[in-house]
Amino acid sequence: MNIDSIENGYVIDHIPAGKGMRVYEVLRLSELKCQVAIITNAKSQKNTTKDIIKINELIDIDLNLIAYIAPNATVNIIKDNVRVEKKKLTLPKTLKNVVRCPNPRCISNNESIDHIFTLTDDNGTYRCIYCETKAKY
């Protein structure tokens, strides 16, 4: 398998195996006009397998959204074929339209409004701003 190197862009590494497509969806990478490669079940030295996403363009995306799905993922920023930064991710304070509220009575499930969750503790617990139900991934 041959996937070209990134000239300018991102390499999202150490995504747990099987979660690469969810990261792809959350970042809305299908809407991009640049090249995106998803590698699933790649061999890993730290884990048995991992997923990797390569984005061949430096675009404006909220990379910290990845931390909700893959807290131990890293993002390598590539410029002119050289890694210029290795970014460790932090959990975002809010998640907007990333997950749906599991409470069927919540207003966000019954009206045309955004599903918004806020980070409530250091353990990565997110709660709905409307009904305070805990987010389920």
Side-chain angles (χ1 to χ4, degrees):
M1 179 183 306
N2 186 20
I3 296 177
D4 293 337
S5 62
I6 300 295
E7 191 172 313
N8 293 294
Y10 305 98
V11 177
I12 306 168
D13 200 0
H14 305 292
I15 302 168
K19 295 198 175 188
M21 285 305 294
R22 181 68 179 132
V23 171
Y24 180 87
E25 293 166 358
V26 165
L27 293 178
R28 297 186 175 131
L29 298 178
S30 64
E31 299 172 9
L32 300 178
K33 302 295 182 209
C34 63
Q35 295 174 338
V36 177
I38 303 171
I39 303 158
T40 59
N41 298 314
K43 290 181 183 177
S44 171
Q45 293 176 356
K46 290 183 180 180
N47 306 325
T48 54
T49 58
K50 64 182 177 181
D51 291 355
I52 302 167
I53 297 176
K54 293 184 173 188
I55 305 168
N56 197 25
E57 192 170 310
L58 289 169
I59 53 171
D60 185 28
I61 53 177
D62 186 357
L63 296 170
N64 284 323
L65 287 177
I66 300 164
Y68 175 68
I69 299 162
N72 295 320
T74 56
V75 177
N76 295 298
I77 301 170
I78 313 296
K79 291 183 182 173
D80 298 322
N81 293 312
V82 176
R83 182 178 72 186
V84 295
E85 183 180 353
K86 185 171 189 172
K87 183 175 181 178
K88 194 74 171 153
L89 303 173
T90 57
L91 288 169
K93 300 251 187 260
T94 61
L95 298 173
K96 183 176 177 182
N97 297 323
V98 173
V99 291
R100 294 182 59 85
C101 184
N103 178 359
R105 293 186 181 146
C106 180
I107 191 169
S108 65
N109 288 318
N110 297 299
E111 301 289 332
S112 295
I113 58 175
D114 292 324
H115 292 264
I116 302 171
F117 288 79
T118 57
L119 183 63
T120 58
D121 62 32
D122 293 335
N123 297 326
T125 303
Y126 286 88
R127 294 197 177 272
C128 176
I129 66 165
Y130 307 109
C131 70
E132 297 188 8
T133 300
K134 187 176 175 181
K136 292 182 181 176
Y137 172 68

If we ignore hydrogens and angles and just use 3.5 Å, is the side chain of T120 paired with the main-chain N or O of T125 as donor and acceptor? yes
Under 3.5 Å, is there a donor-acceptor pair between the side chain of N103 and the main chain of K134? no
Got a salt bridge between D51 and K19, using NZ or NE/NH1/NH2 to carboxylate O under 4.0 Å? no
Flag if over 12 foreign heavy atoms under 6.0 Å of CG, D122: no
CD of E25: more than 12 outside heavy atoms within 6.0 angstrom? yes
State, yes or no, whether a side-chain contact exists between [X] and [Y] at a heavy-atom distance under 4.5 Å.
X   : Y   : answer
K54 : N76 : no
V26 : Y68 : no
Y10 : I53 : no

Could you go through the side-chain contact (heavy atoms from CB on, under 4.5 Å) check for E57 and V36 one step at a time? CA-CA 9 Å; E57 192 170 310; V36 177; over 6 Å; no
Can you name the nearest heavy-atom pair linking C131 to C128, along with the distance? N-SG, 3.6 Å
What's the shortest heavy-atom distance between I6 and G9, and which atoms? CG2-N, 3.6 Å
Joint cluster assignment, [X] & [Y], ILVMFWY side-chain distance < 4.5 Å:
X    : Y    : answer
I69  : I116 : no
L63  : V84  : yes
Y130 : V98  : no

What do the steps show when you test L91 against Y126 for side-chain contact (heavy atoms from CB on, under 4.5 Å), and what is the final call? CA-CA 10 Å; L91 288 169; Y126 286 88; 3.5 Å; yes
To the nearest 0.5 Å, what is the distance between [atom1] ([X]) and [atom2] ([Y])?
X    : Y    : atom1 : atom2 : value
I61  : L27  : CD1   : CG    : 5.0 Å
I77  : N8   : CD1   : CG    : 11.5 Å
K88  : H14  : NZ    : NE2   : 8.0 Å
L95  : N64  : CG    : CG    : 11.0 Å
K136 : C101 : NZ    : SG    : 10.0 Å
T40  : I15  : OG1   : CD1   : 10.5 Å

Decide side-chain contact (heavy atoms from CB on, under 4.5 Å) for N97 and R28; before the verdict, give the C-alpha distance in whole Å, the side-chain angles of both, and the deciding distance to 0.1 Å. CA-CA 11 Å; N97 297 323; R28 297 186 175 131; 4.1 Å; yes
Let me see the working for H115 and V99 under side-chain contact (heavy atoms from CB on, under 4.5 Å), right down to the final yes or no. CA-CA 7 Å; H115 292 264; V99 291; over 6 Å; no
Of L32, V75, I78, the one forming a side-chain contact (heavy atoms from CB on, under 4.5 Å) with I55 is L32
Taking only residues two or more places apart in sequence or in another chain, which ones pass side-chain contact (heavy atoms from CB on, under 4.5 Å) with E111? I107, I113
